[in-house]
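Here the structure is a predicted model, which means the values were calculated and not measured. Atoms within each ligand, like the ligands themselves, are counted from 1 in listed order. All residue numbers refer to positions in the sequence shown, counting from 1.
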Amino acid sequence: MPRTPTPVARVLVVPSFRDWVSKILFHAAAVCALALYTIAAHAQLAEPTELVDQQHCMFCHTSDAPFLAPSFHQIAERYRDKPNASTLLEDKLRHGGKAHWGDMAMPLPDDRGGPLSAEDARTLVQWVLSQ
Ligand code: HEC
C-alpha cells in the first residue's frame, strides 16, 4: 500500500514553500557566519605565556591598568589604526628606541630575559595589539 505523505512532508513538496524555507536557511547561515566572523575579528589572541614570562612583560605591564608602563589596552588603542604599527613596535621590542609614553624607556631584551627573535617579537606585538 503506497504511503501517504504526512502533512509536513506534503507542505515541503510545494515548490514555493521549499524555496521559502531554503531562503530562510540561507539567510540564517549567512547571519551566523557574519556573527562568527565578527567575534573572531575582535577576539583577543591567546597569551603567548612562555614568551611573556621569559621576557617579564607583566613585570611592568598589565592588560588594562597602567602601572609602571602603559597598559596593553592603551597601547592597542593608540596603535590600532596605524598601518605600520606592528613593524614599528616589533623593532622597538627588539632594538629599543625613543620613549613614546613618558621618560622611561622600555629595557632591551637582554635586560628583560634574553634575546628576542623577529618571529617572537611579532607574536608578542600581535598579542598586545589584540587587547
Ligand atoms: C621594566 C619594565 C618593562 C618590561 C619588563 C616591559 N615593558 Fe613594555 N614598556 C615599558 C615602558 C616604561 C614603556 C613606555 C615606553 C615609552 O614611553 O615608549 C613600554 C612600552 C611598551 C610598548 C609600546 C612602545 C611604544 O613605542 O609605544 C609595547 C608594545 C610594550 N611595551 C610591550 C612590551 C612587551 C610585549 C613586553 C615583554 C616582552 C614588555 N613590554 C616588557 C616597560 C616595560
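For atom 8 (Fe) of ligand 1, the N/O/S atoms of C57 include none lying under 2.8 Å.
At a 4.0 Å cut-off, at least one heavy atom of Y79 sits close enough to ligand 1 to count as contact.
The SD atom of M106, atom 8 (Fe) of ligand 1 and the NE2 atom of H61 define an angle of 180° (nearest 10 degrees).
Listed for the H73 side chain is no donor-acceptor partner under 3.5 Å among the backbone atoms of A65. Of the possible polar contacts, one joining the K92 side chain to the K98 backbone as a donor-acceptor pair under 3.5 Å is found. Between the side chain of Q54 and the main chain of G113, a donor-acceptor pair closer than 3.5 Å is present. The closest donor-acceptor contact from the side chain of R112 to the backbone of L93 lies under 3.5 Å. Without hydrogens or angle criteria, Q74 side chain to D64 main chain gives no donor-acceptor distance under 3.5 Å. Judged by distance alone, with hydrogens and angles left aside, the side-chain atoms of T123 form a donor-acceptor pair with the main-chain N or O of E119 at under 3.5 Å.
Heavy-atom proximity to G102, at under 4.0 Å, picks out these atoms of ligand 1: 17 (O). Near L124, with a cut-off below 4.0 Å to any heavy atom, the atoms of ligand 1 are 38 (C). Within the listing of ligand 1, atoms 32 (C), 33 (C), 34 (C), 35 (C) sit less than 4.0 angstrom from a heavy atom of L93. Heavy-atom contacts of P107 reach the following atoms of ligand 1: 1 (C), 2 (C), 3 (C) (cutoff under 4.0 Å). Applying the 4.0 Å criterion to heavy atoms of L89 picks out, from ligand 1, the atoms 24 (C), 25 (C), 26 (O). In the vicinity of H56, heavy-atom distances shorter than 4.0 Å reach the ligand 1 atoms 5 (C).
Ranked by closest heavy atom to atom 32 (C) of ligand 1, the top entry among W127, F72, F59, W101 is F72. Comparing heavy-atom distances from atom 14 (C) of ligand 1 across P66, A69, G96, P70 singles out P70 as nearest. Taking all heavy atoms of C60, P109, P48 into account, the minimum distance to atom 4 (C) of ligand 1 is reached by C60. With atom 18 (O) of ligand 1 as the reference point, the heavy atom nearest to it among M104, H100, Q74, R112 is part of H100.
The closest protein non-hydrogen atom to atom 29 (C) of ligand 1 is I75 CG2, 3.9 Å.
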Exercise for the section: Show the numbers, then the answer: is there a side-chain contact (heavy atoms from CB on, under 4.5 Å) between M58 and F72? Expected result: CA-CA 10 Å; M58 300 330 236; F72 286 151; 3.8 Å; yes

Exercise for the section: Could you go through the side-chain contact (heavy atoms from CB on, under 4.5 Å) check for S86 and E90 one step at a time? Expected result: CA-CA 6 Å; S86 78; E90 281 160 43; 3.6 Å; yes

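The aromatic rings of H100 and Y79 sit tilted relative to each other, their planes meeting at an angle between 30° and 60°.
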